[in-house]
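This report concerns only the one structure given below.
All chains are named by letter (A, B, ...) in the order of the sequence lines, taking the proteins before the strands, and each is independently numbered beginning at 1.
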2 protein chains.
Amino acid sequence: MISSKEVAREAGVSQSTVSRVLNNSNRVSKENVAKVTEAMRKLNYRPNAIARSLVSKRSKTIALISGPLHNPFFVETTSSIVNYAKEKGYNTNVFFENNGDNMAVYETVLSMQVDGIILSSVFMDDPILQELQTSQIPYVMFNRKHNEGGNFVELNNYQAGKMAADHLYQLGHKHIGFIGGPMYTSTFYGRYLGFTEGIAEQTMETGKVFLNETDTSEEAIADAIFKMMGRKERPTAVFAATDAIAITAMDTLMELGYRVPEDISICGVDNVRMARHHAFELTTIGAQSNKNLGRLGIEHLINSIEAGKENMSPIQVTLEPALYQRKTTGPFKPGSV
Amino acid sequence: MISSKEVAREAGVSQSTVSRVLNNSNRVSKENVAKVTEAMRKLNYRPNAIARSLVSKRSKTIALISGPLHNPFFVETTSSIVNYAKEKGYNTNVFFENNGDNMAVYETVLSMQVDGIILSSVFMDDPILQELQTSQIPYVMFNRKHNEGGNFVELNNYQAGKMAADHLYQLGHKHIGFIGGPMYTSTFYGRYLGFTEGIAEQTMETGKVFLNETDTSEEAIADAIFKMMGRKERPTAVFAATDAIAITAMDTLMELGYRVPEDISICGVDNVRMARHHAFELTTIGAQSNKNLGRLGIEHLINSIEAGKENMSPIQVTLEPALYQRKTTGPFKPGSV
DNA sequence: ACTTTTTATGTATGCGATTTCATAATAAAA
DNA sequence: TTTTATTATGAAATCGCATACATAAAAAGT
């Protein structure tokens, strides 16, 4: 590896002069800039980013700890985050959540000297928030948030659940299944709470909610469907707490011979791009924003970073949801299933 | 930030002793190990990864330069790569290809002191290969390969194209559309070549291939469909050079009122997971391997890294394809479209 | 022409770890 | 007990760059 010292020798100047032209300081004469530039070219010099960040204390990289990519929501956010960060001059170190055991990842990230952290992996009572705050590293949680607050960008999950309940109730459904992930995450918890309270408000005496708490793996979702549809009283609609779940649920349901929405209605949450595909036309609930939560999160994060520790203001954003009614929900037909 | 020096002071030992326990050298007495460990805990010390890599010359991070995530193929490879790397103790810096202009990304990556580079973004005559080879950094190209060879893991694209031609021909189709991306990438070029030569071999005197070279954006694909289906002689089948293209093409076709495969057959390449969904059941051509190309690539890359520069052997893997016949291709019916 | 300010450059130091080398302390061999 | 081998520890150099500081040279004021 060619170092700035060798460039200096080649150019016949001191290493600090080389460093100066590297950082295009205007304190260098045109002649020396030329000599140094030429020497760099000749030696095919590339500055060592590691060394730079050791002294500058800024690595120009951020860490993303994301939910798994088999969920299209995270496909979209990951894409947005990486691209926006790049645009702003930051590299992104990507990690995927590892079924609950994120501590190893957190340890890695905290010793990596990243300039900022954006994560979707927190639990409502996750000890990581504490670590994050004492570490002084700018961070923002997206999608999920923590009980204690902190910096976050989220959807109003409670409202989303409620809207689903209203929508399905108005279509006449009485027996509704809920499929969601772990209740110690704010998204699933909020959506479930809003949903059940929405149902309750409608005073559906005869209404029933079948709760399925899964780990969001395809197998677990399929199992939930099997169990639910195997009952004597089958649901005529299911509220999937994410579009990813909805899409897998649909797959299983179709495999079992059900038609959507004729036999059973499905409503998701997140309004992912894929849900708009003609093969799905999924009814869903999502934020009224043309930027996804990842994008909003990374914008805030980078603002925070560039503002500096002194004038870092808290980030607490909750987006209001809207219903995107498409073709997977329809009116209850007696005797349909 | 707490440094090892402060830990040393707290523990009453020298900084080098702290470093030794950090790297669990066995040259430290149990008492000192205990003292140092305690001091680390007390001060909430985290080693500075940047400093470590400056001296050790290994950053334990690799760079991934991937195709865009709106292509599900890259969703799968990205996931595999990041997770496998993590498993092996490597962090992954992710970049997404930027419509042809990858030089900025390459520059960044080359000065980042990564331990290895895995990339899907090369063109057949891309100058990056040269850079890669002189840089001495272990690398492997996946999916696409370079004219000059280098290290790669790919599908036999020529064969894949040929299989598509055979399959569609055997179903009786004479007018077939091809939709693919830029011909300066080995994937699209190889698939196109195999396809047209396959068609030619079948001596389909009356056969016609409509070539559509797009930039793989949704709009471009939709435009290609519009143009193709607007002709007097419409194709009765289309060979989409990737599943991503096939899925978007299907969307557009369905929007225009066509039924698949009754009105028009579609065959893709890559055998992405999503293509198996009941809403698609896409006929496709893919490698006969339970590991995707990204996974194979990263395994080879990490082997290379750990083998050391001395015993790094070239990586040249070409997987043979197989046809996965599902529900989007069917026999030609005269007068169908 | 002499002082003062500005500009260009080099020297030296430090970022936070790893690692070589020298040495003190201890254990093993004689 | 003396010599030798072994083990534990610290001092110091180093990695590649940025930057504070000192200073020489040039430009500007007076």
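- OP1 or OP2 of C:dT9 lies within a sub-4.0 Å distance of a side-chain N or O belonging to A:N32.
- If you check residues 12-22 of chain A against DNA chain D, the residues with a heavy atom closer than 4.0 Å are A:Q15, A:S16, A:S19, A:R20, A:L22, listed by number.
- Remark: B:N23 is in phosphate contact with C:dT18, judged by side-chain N or O atoms under 4.0 Å from OP1 or OP2.
- Not a single donor-acceptor pair under 3.5 Å links the side chain of A:T185 to the backbone N or O of A:G181.
- If you take CG of B:L54 and C1' of C:dT18, they are 10 Å apart, rounded to a whole angstrom.
- For B:F96, the CZ atom is densely surrounded, since the number of other residues' heavy atoms within 6.0 Å is greater than 12.
- Rounded to whole angstrom, the span from the CZ atom of B:R52 across to the C1' atom of D:dG16 amounts to 19 Å.
- Side-chain N or O atoms of B:T92 include none that pairs as donor or acceptor with a backbone N or O of B:V94 at under 3.5 Å.
- Defined by atom type and a distance below 3.5 Å, a donor-acceptor pair is present between the side-chain atoms of A:S217 and A:D215.
- Nucleic acid contact class of A:R27 (heavy atoms, under 4.0 Å, all strands): base.
- Taking 4.0 angstrom as the limit, A:K57 places none of its side-chain polar atoms (N or O) nearer than this to OP1 or OP2 of D:dA18.
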- Task: For DNA chain D, just give me the dot-bracket, please: Watson-Crick or G-U, both distances below 3.5 Å, ( ) intra-strand, [ ] crossing earlier pairs, | paired with another strand, . unpaired.
- Result: .||||||||||||||||||||||||||||.

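- Counting only N and O atoms by type, the side chains of B:E154 and B:T318 include a donor and acceptor under 3.5 Å apart.
- The separation between A:N48 atom CG and D:dA18 atom C1' is 13 Å, rounded to whole Å.
- Annotation: side chain of B:V18 is in contact with side chain of B:M40 (closest heavy-atom distance under 4.5 Å).
- Of the N and O atoms on the side chains of A:Y45 and A:E10, not one donor lies less than 3.5 Å from an acceptor on the other residue.
- For the residue pair B:Y90 and B:S59, no side-chain donor N or O sits within less than 3.5 Å of a side-chain acceptor on the partner.
- Between the side chain of A:N151 and the backbone N or O of A:I315, at least one donor-acceptor pair lies under 3.5 Å.
- The listed nucleotides are C:dA17, C:dA8, D:dA18; the one nearest the side chain of B:V55 is C:dA17.
- Distance B:R58 CZ to C:dA17 P: 17 Å, rounded to the nearest Å.
- The NZ atom of B:K30 sits 8 Å away from the P atom of D:dT9 (whole-angstrom rounding).
- Rounded to whole Å, atom C1' of C:dT9 lies 11 Å from atom NZ of A:K35.
- Side-chain atoms of A:N292 and A:S80 form a donor-acceptor pair, as typed in the model, at a separation below 3.5 Å.
- When rounded to the nearest whole Å, the span between CD1 of A:I2 and C1' of D:dC17 equals 15 Å.
- Nearer to the 5' terminus of DNA chain D, by closest-nucleotide assignment, is the contact made by B:S29 (compared with the other of A:M1 and B:S29).
- Computed from coordinates, the B:E31 CD to C:dT26 C1' distance equals 12 Å when rounded to whole Å.
- Projected onto DNA chain D by closest heavy-atom contact, B:N26 and A:A49 fall at different nucleotides, the more 5' of which corresponds to B:N26.
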